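Worksheet for the structure shown next.
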Amino acid sequence: MNCTPIGEVRSPVTEGVDCGWGSVVSEILVDSEFAAGLSGLEAFSHIVVVFHMDRSSWAPDSDLVRRPQGRADMPHVGIFAQRAKHRPNPIGITCVRLLGVEGNVVRVRGLDAIDGTPVLDIKPYFPQYDAAPDHHTPEWVDRLMTDYF
């Protein structure tokens, strides 16, 4: 399987952090060959960004089952029951507020990707696809996400 980045993130955040992403304004610099593909994106309030967490690592012994964010108040859960950056395939997916599109630059708020992160795809947010009205999560997720966004 081959994936070719379509651009990269420009962010004031240069190291991975576990909270405070909600106020981060960053830009996605889309490669010029893909810039025409941004046409019409500005009509959406939110987009879904798919990115490669290229500076994460994967160690099955410590990452396959762990406490989210390494917090003692979190349960031990498997990697597929959490959204940790240390994964077998380090792919990040985040829904963000779209602030604007100018040329090949997409400006967003809330993207939890550090500066220089390769972007694999941008999709418009469709509530019909991206929101589950009858969802539920374990109670620890609310505690974990208190300061994340």
Side-chain angles (χ1 to χ4, degrees), residues 1-60 63-64 66 68-70 74 77-149:
M1 175 173 51
N2 295 315
C3 288
T4 302
I6 61 159
E8 74 177 25
V9 174
R10 287 290 174 240
S11 172
V13 182
T14 59
E15 298 289 329
V17 296
D18 286 331
C19 61
W21 289 102
S23 62
V24 175
V25 173
S26 55
E27 295 178 335
I28 301 167
L29 277 61
V30 175
D31 293 346
S32 59
E33 66 187 287
F34 300 113
L38 298 172
S39 177
L41 190 65
E42 71 283 348
F44 291 86
S45 66
H46 290 77
I47 59 174
V48 177
V49 181
V50 181
F51 52 96
H52 177 227
M53 297 178 287
D54 62 324
R55 283 161 271 178
S56 70
S57 60
W58 169 247
D63 296 328
L64 187 60
R66 60 186 284 278
Q69 296 178 0
M74 294 290 125
V77 294
I79 191 61
F80 304 122
Q82 57 184 292
R83 296 192 57 160
K85 62 185 169 239
H86 302 296
R87 314 186 66 76
N89 292 302
I91 298 169
I93 301 171
T94 305
C95 180
V96 298
R97 163 127 350 236
L98 177 61
L99 301 177
V101 178
E102 188 172 322
N104 69 324
V105 178
V106 179
R107 197 160 181 257
V108 299
R109 179 180 295 118
L111 180 58
D112 55 344
I114 61 178
D115 189 58
T117 297
V119 175
L120 301 176
D121 203 356
I122 297 170
K123 298 176 180 287
Y125 174 83
F126 280 28
Q128 297 87 340
Y129 293 137
D130 302 317
D134 57 348
H135 77 278
H136 68 274
T137 58
E139 66 77 27
W140 61 263
V141 172
D142 291 333
R143 286 188 287 121
L144 182 73
M145 299 307 293
T146 298
D147 295 319
Y148 196 82
F149 283 108

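Since the model is a prediction, treat every value here as computed from it, not as a measurement.
Phe44 contributes atom CZ, which lies 12.5 Å from atom CD1 of Ile122 (distance to the nearest 0.5 angstrom). If you take CG on Leu111 and CD on Glu27, they are separated by 11.5 Å, rounding to the nearest 0.5 Å. Distance check: Arg107 CZ to Ile28 CD1 gives 12.5 Å after rounding to the nearest 0.5 Å. Distance check: Leu120 CG to Glu8 CD gives 12.0 Å after rounding to the nearest 0.5 Å. From Gln128, atom CD reaches atom OH of Tyr125 across 8.5 Å, with rounding to the nearest 0.5 Å.
Contact record, Asn104 with Ala35: CB-CB, 3.8 Å, taken as the closest heavy-atom pair. Taking all atoms of both residues into account, the shortest heavy-atom contact from Cys95 to His46 is SG-CB, 4.0 Å. Pairing each heavy atom of Pro68 with each of Trp140, the nearest pair is CG-CZ3, 3.5 Å. Residue Gln69 comes nearest to Leu144 through the heavy atom pair CD-CD1, 3.4 Å, listed as atom of the first residue, atom of the second, then distance. Shown here for Ile6 and Asp121, the closest heavy-atom pair between the two residues is CD1-CA, 4.0 Å. In this structure, Asp31 and Gly7 approach most closely via the heavy-atom pair OD1-CA, 3.7 Å.
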Between Arg55 and Glu15, is a side chain to side chain contact (heavy atoms under 4.5 Å, CB included) present by the stated rule, with each step listed? CA-CA 9 Å; Arg55 283 161 271 178; Glu15 298 289 329; over 6 Å; no
Trace of the side chain to side chain contact (heavy atoms under 4.5 Å, CB included) decision for Val106 with Leu98: CA-CA 8 Å; Val106 179; Leu98 177 61; 3.5 Å; yes
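You'll find the side chain of Trp58 reaches within 4.5 Å of the side chain of Ile79, heavy atoms only. Between Ser45 and Arg97 the shortest side-chain heavy-atom distance falls below 4.5 Å.
Of the possible donor and acceptor atoms, one in the side chain of Arg83 sits under 3.5 Å from a partner among the backbone N and O of Ile93. Judged by distance alone, the side chain of Thr117 and the main-chain N or O of Ile114 form a donor-acceptor pair under 3.5 Å. With hydrogens and angles disregarded, no donor-acceptor distance shorter than 3.5 Å links the side chain of His86 to the backbone of Ser56.
The number of heavy atoms from other shown groups lying within 6.0 Å of CZ (Arg87) is above 12.
Val108 pairs with exactly one of Val96, Val25, Val9 by the side chain to side chain contact (heavy atoms under 4.5 Å, CB included) rule, that one being Val96.
When the ring-ring contact (aromatic ring centres under 6.0 Å, His included) test is applied to Tyr129, the partners found at least two apart in sequence or on another chain are Phe126.
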